[in-house]
Amino acid sequence: MALKRFAWLVILLVAVTPLAAQGGYYDDEGFFVFLDGVLTQPADTDQVLGLVRQLPDPAAPAPVQFSSPAAVEWDEELGSRVGAGYRWGPNRVSVSYWQFEHDQRLAFDGPAGGYVNFTIGPAFYIYSGVYYPVYNVGSPGFVDFAVDLEASTVDLAYEHTHQLNDVFDFEWSVGLRYATFEEKMDGAYDVCATTGCEGFYAAAPFNFVFGDVGFDVTKSNEGDMAGVRVGIGGSFYATPSFLISGELAVSELTGEVTSLSSLVPTGAVNGVDPVSTAFVEDKDRSGSIRDVGMAVEWALVNNRLRIALGYRHSRWDGIATDLLRNPPGLLTPNKDRDHVTFAGPYLGVRYDF
């Protein structure tokens, strides 16, 4: 549906192209504003909330044990970028703000005759006066999580345009960038399923009590960094009022990353156990953001109104690192995650006063 809406926008913009005033770059002075609506889809988050394990059927001719990670699948969500600046001749100074926020939910029971390995939180312990290590696993297990993802940037940039000839422009920019990244997973694990089975609990050495065994679960990763941003771009004027543009920019950042992971016993028979928490804070960490984009643009109203339809891809390295990817005692190791990607089509409008 999203692509269909953008297709209709292309048709509309082609229809109004003859209304555009002919002419290329102008060199007067004044302020400008711009606004982008970005249909963004996060990728590479690898937010695995459980590993589903189906045990083999011993009666089968060739028994097979099946394992599958249960991870959050993100769809597209609308983000935005807004900014303003001042121009004089081929020079521009601007400040802009980009923001994206999305949330999802994932809930499921483990398979009958199988297990769910809990992938969040350090190993928990049965207390009862004596510590007994317990692997994070449900039989068959129940998982229920709400997941939130937020990211934003603030950019201060100086841009300069070189008119190579009548149809080609070359642009370069330098500036500062401040970026934040945050993801949070709040939910619950239960050793049993929603069907009402009961887990077991070691009430004393060599003695078991059956009943509800559950945990409230929290995991979060936060990145907060600042640094420099440099970029290059180019525009090809197919006609004086229709052009194709591209951009490539790299940001080198430093700052801090924090990760938290915890399990809080909440079941009827394990609620007296201690909380199990892991926390890591790294205040001297580097990161980078790589932005790539292409667009078709229409220059209207004597080149003062620009309407762009394009696609952007942004890869966030370091700032989205998960420092507690494999908490101590975890049965199910996850692959390391050091980056997250934001990508999707956008519709942009800029007006020069």
Side-chain angles (χ1 to χ4, degrees), residues 1-17 19-21 24-26 30-42 76-87 90 92-102 151-161 169-173 175 177 179 229 231-249 251 289-315 341-353:
M1 291 296 294
L3 292 177
K4 184 179 293 185
R5 290 195 296 268
F6 272 89
W8 278 110
L9 285 172
V10 172
I11 295 173
L12 175 61
L13 292 172
V14 170
V16 302
T17 295
L19 301 178
Y25 189 83
Y26 56 91
F31 292 94
F32 61 92
V33 294
F34 56 91
L35 173 65
D36 295 347
V38 189
L39 199 59
T40 304
Q41 182 173 24
E76 295 173 326
E77 183 72 11
L78 186 64
S80 62
R81 185 173 74 108
V82 61
Y86 185 80
R87 72 179 189 281
R92 290 175 179 265
V93 174
S94 66
V95 60
S96 63
Y97 173 72
W98 171 83
Q99 189 268 343
F100 176 77
E101 182 176 355
H102 202 359
S152 67
T153 60
V154 178
D155 293 318
L156 176 63
Y158 167 76
E159 307 169 19
H160 184 83
T161 300
D169 284 352
F170 173 76
E171 299 175 355
W172 57 266
S173 66
R177 165 166 282 185
R229 182 181 188 271
I232 58 173
S235 300
F236 168 69
Y237 284 80
T239 72
S241 57
F242 176 76
L243 60 146
I244 301 171
S245 63
E247 60 178 347
L248 170 64
S251 305
I289 298 177
R290 184 183 65 200
D291 300 309
V292 181
M294 291 191 66
V296 293
E297 299 185 33
W298 287 262
L300 310 171
V301 192
N302 197 29
N303 211 14
R304 292 184 177 273
L305 175 63
R306 289 286 186 95
I307 300 178
L309 186 64
Y311 185 89
R312 286 199 183 104
H313 183 281
S314 184
R315 172 171 167 147
T341 301
F342 301 99
Y346 73 94
L347 176 65
V349 178
R350 190 187 85 201
Y351 188 80
D352 292 76
F353 295 94

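Among the candidates Tyr346, Phe34, Phe342, the single residue satisfying the ring-ring contact (aromatic ring centres under 6.0 Å, His included) test with Trp98 is Phe342. Under the salt bridge (charged side-chain N to carboxylate O under 4.0 Å, His left out) test applied with Asp291, the options Arg81, Arg229, Arg315, Arg312 reduce to a single match, Arg229. Among the candidates Thr40, Ile289, Val38, the single residue satisfying the side chain to side chain contact (heavy atoms under 4.5 Å, CB included) test with Ser314 is Ile289.
Here the straight-line distance linking atom OG of Ser94 with atom CG of Leu156 works out to 7.5 Å at 0.5 Å rounding. Rounded to the nearest 0.5 angstrom, Tyr351 OH and Leu300 CG are separated by 11.0 Å.
Taking the side chain as every heavy atom from C-beta outward, Trp172 and His160 approach each other to under 4.5 Å. Here the side chains of Phe170 and Ser235 are not in contact, with every heavy-atom distance at 4.5 Å or above. Ser80 is not listed as a side-chain neighbour of Tyr97, based on a closest heavy-atom distance of 4.5 Å or more. Proximity of Asp352 to Arg350: side-chain heavy atoms (C-beta onward) are separated by under 4.5 Å at one or more points. Contact check for Leu347 versus Leu39: no side-chain heavy atoms found under the 4.5 Å cut-off.
Heavy-atom minimum distance, Glu77 versus Glu101: CG-O, 3.5 Å. Scanning all heavy atoms of the two residues, the minimum distance from Ile244 to Val296 falls at CG1-CG1, 4.3 Å. Minimum interatomic distance between Val33 and Ala84 (heavy atoms only, all atoms of both residues): CG1-CB, 4.0 Å. Taking all atoms of both residues into account, the shortest heavy-atom contact from Ala343 to His313 is CB-CD2, 3.7 Å. Contact between Ala295 and Ala308 at its shortest, heavy atoms only, is CB-CB, 4.4 Å. The shortest non-hydrogen separation linking Arg306 to Tyr237 is NH2-OH, 3.1 Å.
Between Arg177 and Asp155 there is a salt bridge, since at least one side-chain N of the basic residue sits less than 4.0 Å from a carboxylate O of the acidic one.
For Glu297 and Ser245, the side-chain atoms include at least one donor-acceptor pair closer than 3.5 Å.
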For a side-chain contact (heavy atoms from CB on, under 4.5 Å) check, start with the C-alpha distance between Leu309 and Trp298, then their side-chain angles and the critical distance, and finish with the verdict. CA-CA 9 Å; Leu309 186 64; Trp298 287 262; 4.3 Å; yes
Stepwise side-chain contact (heavy atoms from CB on, under 4.5 Å) test for Asp36 and Val82: CA-CA 6 Å; Asp36 295 347; Val82 61; over 6 Å; no
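Taking the centre and axis of the six-membered ring of Tyr86, the NZ or CZ atom of Arg92 falls outside the cone set by 45° and 6.0 Å.
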